[in-house]
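Positions are given from 1 along the sequence. Just so it is clear, the model here is predicted, and its values are computed rather than measured. In listed order, ligands and their atoms are each counted from 1.
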Amino acid sequence: MSARVAKLLSRMTLEEKAGQLNQLSGRMAVTGPLTGKPEHMDQIRKGLVGSFLNILTAARTRELQKVAVEESRLGIPLLFAFDTIHGYKTIFPIPLAEASSWDLAAMEKAARVAAVETSAAGVHWTFAPMVDVGRDPRWGRVMEGAGEDAFLGAAVARARVQGFQGEDLARPDTVLACAKHFAAYGAVEAGREYNTVDVSERALREFYLPPFLATIDAGVATFMASFNEIAGVPSSANRVLMRNILREQWGFDGLVVSDWGSVRELEAHGVAADLKDAARLGLWAGVDMDMESHAYRAHLPELVKTGVLSEALLDESVARVLTLKERLGLLDDPYRYSDEARESGMTMTPEHLATARDVARRSIVLLANQAQVLPLAAKPGRVLLVGPLGDSKLDMLGNWSGKGEPEQAVTLLEGLRARLGDGVRYVKGVDVEGNDESGIATAVQAARRADVVVAALGESARMSGEARSRTNIELPGRQEALLRALVAAGKPVVLVLMNGRPLTIPWAAENVPSILETWFLGTQAGHAIADVLFGDYNPSGKLTMSFPRTLGQVPVYYNQKNTGRPITEKEREWVSRFLDAPNEPLYPFGHGLSYTSFAYGDLQVSPARAGADETIKVSFTLTNTGSKSGEEVAQLYVRDVVASVSRPVKELKGFAKVALQPGQSERVELTVAHKDLALWNQEGRFVVEPGAFELMVGGSSAGIQLRGGFTVAR
Ligand code: NOJ
C-alpha cells in the first residue's frame with residue numbers, strides 16, 4: 001500500500017475500518033432483497049459505509065459523496081458500484097449474444113461504451129464481466145456469460161475487462177471491472193438458481209477457473225464471490241478459493257466483494273451459527289467487502305477486539321478498498337466521476353448507437369436457411385410480421401439492462417418499417433406466455449395474404465437472468481401453435497428467435513426453412529435484425545452454447561469425453577447413448593451459417609514435433625466460395641489422444657474471424673500456445689504431456705473441414 005493509504009489506515013478506528021468494508025444498496029435500482037434501512041446518510045457521516053451499489057446519476061452520487069467527504073471524520077470518499085452488464089443507457093446485446101459474434105474487438109468496444117456512460121453517471125465500478133461458463137440452459141444466468149467454453153470464455157473475459165477498465169483506471173471514463181461469480185456458479189445442479197455445486201478439482205481448474213484467471217491477466221481490479229457452495233463450502237467462506245488459489249497461486253492483489261447478502265447466507269447454508277460467525281468466516285476466507293449483509297459493520301470490530309480475528313487481517317482488506325479509491329483518483333478529487341455535463345453529453349450519443357447497432361448485427365446467428373428464404377429481396381412484396389416479440393420495446397433490451405430506456409429501443413417492426421414503410425403489416429398472434437390461442441386465426445388470415453412471414457418468437461426478457469431458471473425451454477405459451485399454423489398457411493416463413501438461453505425447437509428446425517437467432521440485441525435490435533434479414537449485413541455469428549434437441553440431453557456440450565463405450569459403426573446398442581434421442585445437440589457449439597459459403601484447404605502445422613514450451617503454428621487457406629462478401633469464424637480444435645487422464649474429444653484452442661470478398665482467399669494463421677495444451681494431472685498440477693495431438697479446423701465444432709496433428713516431444 002502507498003504511504004498515503006498507510007497513513008489513512010493508521011488513523012482509523014476499528015469501526016471506521018469495518019465501515020470501509022461495508023457496501024450498502026441505494027434505493028434506485030434494487031437487485032435483491034433489501035435488508036438494511038433505505039436511508040444511509042447517518043451511517044455515511046459516521047464513516048460506517050465504504051461503498052454503495054445502485055446509487056446513480058452524477059447529481060445523486062455527488063450529494064452522497066459530499067456527505068462522506070465533508071461530514072465524516074476522515075472524509076474518505078465512497079465507491080459507487082452498479083450492474084452495468086451489457087450497457088448503461090445505450091444497451092448492447094446480452095453477453096451471450098455478444099459472445100456469439102466471436103468478435104473480441106466488438107465486445108471490447110461495447111464494454112468501453114458502457115464504461116463511458118456508466119462513469120458519466122458517477123459510478124466507479126461495474127459488477128461485470130460475468131465469466132461463469134455454463135452447460136445448462138435451464139440456468140437463466142447463461143444470458144450473462146459467454147457460453148459453454150472456457151477457452152472462448154477466457155478470451156471474451158479479457159476483452160470485456162479491457163473495455164471496462166481501459167488503459168488507465170485513473171481516467172474518469174473508465175470503471176473498475178469485477179470478475180464474477182467466483183466460482184463454478186455455472187454448475188448449479190439442474191440449472192436451478194443459487195443451487196448446490198459439486199465439481200471435481202480437475203473440472204474446476206480446467207473448465208470453471210480459466211476465464212477468471214484470464215481477467216487477472218487483463219488487470220481486473222475486483223472479484224465477486226459466488227452464492228453457491230462447492231462440495232460443501234460456500235464461496236463466501238471458501239479460503240482455498242480466495243486465499244490459496246486467487247491470492248497465493250494467481251497473485252491477485254485487488255478487492256474481493258461478496259455477492260448480495262452472501263456473507264449473511266452462510267447461516268442459511270448451515271456453516272455459520274449466526275451473523276457474527278458469518279462475518280468471521282467471510283473475512284477469514286477472503287471476502288474483503290460485504291455487500292448488503294451488514295455483517296462486517298456489525299461484528300468485525302468486536303471480532304478483532306476479542307482476538308478472534310487479527311487486526312492485520314482486517315487492515316489488509318481495508319487497505320485494498322483504500323487503494324482502489326486511490327487508483328481511481330478519488331483521494332485527490334472525490335467528485336471527478338460526478339460530472340453532470342459529461343453525463344448529458346456522453347450518453348446515447350449517435351456514435352454509441354452506431355456501435356450498438358454494429359455489435360448487435362454481429363451477434364446474430366443464422367441457424368438454418370434451407371430454401372434460401374434469406375436474405376429477403378430489397379422489395380420483398382407484402383411482409384407480415386407476427387409474434388409477441390415483434391413490437392415489444394421492453395423485451396428488446398433483454399434482462400439486466402442497466403438504465404436502458406425501453407422507449408428508446410427499436411423493435412423489429414420499427415426496423416422493418418424504416419425500410420419498407422407501410423409494406424409491412426404486424427399481427428401479434430399470441431402472448432409470450434399463457435394459453436390464449438384466439439389470435440392465431442387472424443394471424444393465419446394475414447399470412448395467406450402475405451408474400452413472406454417473419455415470426456418473432458421466444459422468451460420475454462424477464463425469463464432469463466438472475467433467479468430465472470426454467471425446467472422447460474421450449475417456445476413458451478402457445479407460440480409453437482402459432483408457428484405451426486403460419487407454416488401451414490403455405491407462405492415462406494422466417495423464424496426470428498429472441499431468447500436469453502438456448503431453446504429446444506426441434507419442430508421448428510424440421511419445418512421452418514430459415515431461422516435467425518437474435519437473442520436480445522439491445523437498443524438497436526430492430527435495425528440490426530433488419531440489416532441481416534435484408535442482407536445488408538451478412539450474418540457471421542456462431543453459437544457459443546449448444547442447442548439441445550430435448551431437455552433430457554442436458555448437459556449437452558461439444559467438448560465431451562469419449563467414454564469407454566462411444567458409439568461406433570459396429571456397435572450401437574451397448575454404448576453410451578439414449579434410446580429416444582441422438583447424442584448430438586440440435587445446433588452445436590460453433591454453428592452458424594452465412595449467406596455465402598467458405599472452403600478450407602491446405603492445412604500446415606509446424607513444428608510437427610514440438611519441444612517443451614514450443615508454440616504450434618497452424619495455418620490454412622480460407623476461401624469465400626459464394627457470391628456475397630462475408631465473415632467466417634474459423635475454429636481450431638485439439639484432441640490430446642492419449643493422456644494420463646481422459647481428455648475431451650475436442651477442445652477449442654484458437655479461432656479467427658475473417659472477412660472475405662466473393663472469390664477471395666486468405667491464409668489464416670493461428671497459434672496454439674504450449675500452456676494451452678496442459679491438463680490438470682493426478683498430482684494436482686498443470687502439465688503438458690508428451691505424445692500425439694490431433695488438430696481439427698472448421699466452421700463449427702461439428703463441421704470439421706481439415707485434420708492434422710502434431711506431437712509434443714518428451
Ligand atoms: C446478485 C447477483 O448475483 C450479482 O451478479 C450482482 O452483481 C449483485 N446481485 C448486485 O446487484
Q. Does a side-chain N-to-carboxylate-O contact under 4.0 Å join Glu405 and Lys89?
A. yes

Under 4.0 Å between heavy atoms, the region of Leu53 that gets near ligand 1 turns out to be side chain

Taking only non-hydrogen atoms of Asp259 and a 4.0 Å limit, the atoms of ligand 1 in range are 1 (C), 2 (C), 3 (O), 4 (C), 6 (C), 8 (C), 9 (N)

key: ligand 1 N/O within reach of Arg141 N/O, cut-off under 3.5 Å   = yes

Subject >> Glu343 versus Tyr337, side-chain donor and acceptor atoms under 3.5 Å >> reply: no

| message | Just to check, does His181 reach to within less than 4.0 Å of ligand 1 when the distance is taken from its heavy atoms? | response | yes

Phe127 heavy atoms within 4.0 Å reach ligand 1 at atoms 7 (O)

**Asked** Relative to Phe52, does Arg60 satisfy both conditions: NZ or CZ under 6.0 angstrom from the six-membered ring centre, and within 45 degrees of the ring's axis?
**Response** no

Geometry only, no angles: is Asp83 polar-contacting ligand 1 at N/O separations under 3.5 Å?
yes

Practice problem: Answer yes if the side chains of Tyr296 and Gln20 hold a donor-acceptor pair under 3.5 Å, and no otherwise. | Solution: no

- prompt: What about Phe589 and Trp102, are their ring centers closer than 6.0 Å?
  reply: yes

**Q.** Side-chain H-bond candidate by donor/acceptor type, Glu117 with His352, under 3.5 Å
**A.** yes

Counting heavy atoms under 4.0 Å, the part of Met130 that contacts ligand 1 is neither

Please check whether Tyr185 reaches ligand 1 - meaning an N/O of the residue sits under 3.5 Å from an N/O of the ligand, judged on distance alone. no

Worksheet entry | Side-chain touch Phe182/Met242, heavy atoms, less than 4.5 angstrom | yes

Ligand 1 atoms nearer than 4.0 angstrom to some heavy atom of Lys180 are 4 (C), 5 (O), 6 (C), 7 (O)

